[in-house]
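This structure is in structure tokens; I'll ask about it shortly.
FYI, the numbering just counts along the sequence from 1.
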Amino acid sequence: MSGLILVGVNHRKTPVELRECLAFGDGEKLPFLESLRASGKAKGAVLLSTCNRVELYADPSEGTTAEHIIEAVMEARGFPKDRRDLFYV
């Protein structure tokens, strides 16, 4: 059995402009979570998106790492690849 993976950004480290880039609206959450599952990266996930933080709690599929989850979030939101350092695990 694998453990949950938590990845995210928050107001302490990430400027508001970049948090806004990562923010998921109500209608965007479910399609993203479904695509994450369909891609085989996670068996399931929960997404928390507020004005102060974006966090994704994922039950990873075999072989999936936190980096895979971060890459999926960054790609889905068009987040600058050179700002990977803003994510915590």
Side-chain angles (χ1 to χ4, degrees):
M1 183 174 150
S2 62
L4 290 177
I5 292 175
L6 161 64
V7 301
V9 297
N10 65 30
H11 66 283
R12 292 186 188 130
K13 192 173 173 184
T14 308
V16 67
E17 314 79 55
L18 293 175
R19 288 195 318 272
E20 287 173 350
C21 176
L22 285 174
F24 285 80
D26 290 338
E28 298 171 311
K29 292 175 188 175
L30 187 57
F32 171 73
L33 294 171
E34 288 173 345
S35 73
L36 190 63
R37 220 172 100 203
S39 73
K41 292 183 176 85
K43 295 177 246 176
V46 174
L47 180 63
L48 174 65
S49 183
T50 72
C51 61
N52 286 328
R53 64 184 170 161
V54 174
E55 292 182 336
L56 181 70
Y57 300 80
D59 180 9
S61 298
E62 185 76 29
T64 298
T65 66
E67 286 303 316
H68 294 125
I69 302 296
I70 291 170
E71 287 170 10
V73 172
M74 291 175 67
E75 184 177 315
R77 304 310 292 168
F79 196 75
K81 291 183 188 263
D82 63 339
R83 297 314 317 256
R84 158 58 187 97
D85 62 309
L86 297 174
F87 280 82
Y88 52 83
V89 177

**OP:** Ignoring hydrogens and angles, tell me if any N or O in the side chain of Lys41 forms a donor-acceptor pair with the backbone of Ser35 under 3.5 Å.
**Re:**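 Absent.
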Subject >> Where at least one partner belongs to residues 62-74, residue pairs that pass side-chain hydrogen bond (donor to acceptor under 3.5 Å, both in side chains), sequence neighbours excluded >> reply: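 As it turns out, the side-chain hydrogen bond (donor to acceptor under 3.5 Å, both in side chains) pairs with a partner in residues 62-74, which skip direct neighbours, are Thr65-His68, Glu67-Arg84.
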Original post:
Can you hop from Leu4 to Phe87 via hydrophobic side chains spaced under 4.5 Å?
Top reply: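 Leu4 does not cluster with Phe87.
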**OP:** List the steps, then state whether side-chain contact (heavy atoms from CB on, under 4.5 Å) holds for Met74 with Ile70.
**Re:** CA-CA 6 Å; Met74 291 175 67; Ile70 291 170; 3.6 Å; yes
**OP:** Answer yes or no: does atom CG of Asp85 have more than 12 heavy-atom neighbours from other residues, nucleotides or ligands under 6.0 Å?
**Re:**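 Check passes, neighbour count above 12.
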Original post:
Leu18 and Phe79: which non-hydrogen atoms are nearest, and at how many Å?
Top reply: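 The pair with the smallest heavy-atom distance is O-CE1, 3.5 Å.
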**OP:** Sorted by first residue and then second, give each ring-ring contact (aromatic ring centres under 6.0 Å, His included) pair with at least one member in residues 4-25; sequence neighbours left out.
**Re:**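 Residue pairs with at least one partner in residues 4-25: Phe24-Phe32.
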Subject >> Reference residue Leu56; test side chain to side chain contact (heavy atoms under 4.5 Å, CB included); the match among Leu6, Val46, Leu33 >> reply: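 That would be Leu33; it is the only one of Leu6, Val46, Leu33 passing the side chain to side chain contact (heavy atoms under 4.5 Å, CB included) with Leu56.
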Subject >> Sidechain-backbone polar pair: Arg19 side chain, Val54 backbone, donor-acceptor under 3.5 Å >> reply: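 Between the backbone of Val54 and the side chain of Arg19 there is no qualifying donor-acceptor contact (under 3.5 Å).
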Subject >> Heavy atoms of other groups near Arg37 CZ, more than 12 under 6.0 Å >> reply: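 Counting other residues, nucleotides and ligands, CZ of Arg37 stays at 12 neighbours or fewer.
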**OP:** Please name the pair of heavy atoms, one in Gly3 and one in Pro60, separated by the smallest distance, quoted to 0.1 Å.
**Re:**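 Closest approach of Gly3 to Pro60, heavy atoms only: O-CD, 3.1 Å.
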**OP:** List the atom of Gly78, the atom of Cys21, and the distance in Å for their closest heavy-atom pair.
**Re:**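 Taking every non-hydrogen atom into account, O-SG, 4.0 Å.
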Subject >> side chain to side chain donor-acceptor pair (under 3.5 Å) partners of Arg53, counting only residues at least two apart >> reply: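 So Arg53 forms a side chain to side chain donor-acceptor pair (under 3.5 Å) with Glu55.
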Subject >> Closest non-hydrogen atom pair, Ala23 against Ser49 >> reply: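 Ala23 and Ser49 have their closest heavy atoms at CA-OG, 3.5 Å.
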Original post:
Side-chain heavy atoms under 4.5 angstrom apart, residues restricted to Ile, Leu, Val, Met, Phe, Trp, Tyr: same cluster for Leu36 and Leu47?
Top reply: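 Yes, Leu36 connects to Leu47 through the hydrophobic network.
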Original post:
What are the two closest non-hydrogen atoms of Leu86 and Val9, and how far apart are they?
Top reply: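 Nearest heavy atoms, Leu86 then Val9: O-CG1, 3.6 Å.
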Original post:
When rounded to the nearest 0.5 angstrom, what is the spacing between OH in Tyr88 and CG in Asn10?
Top reply: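 It is 4.5 Å, given to the nearest 0.5 Å.
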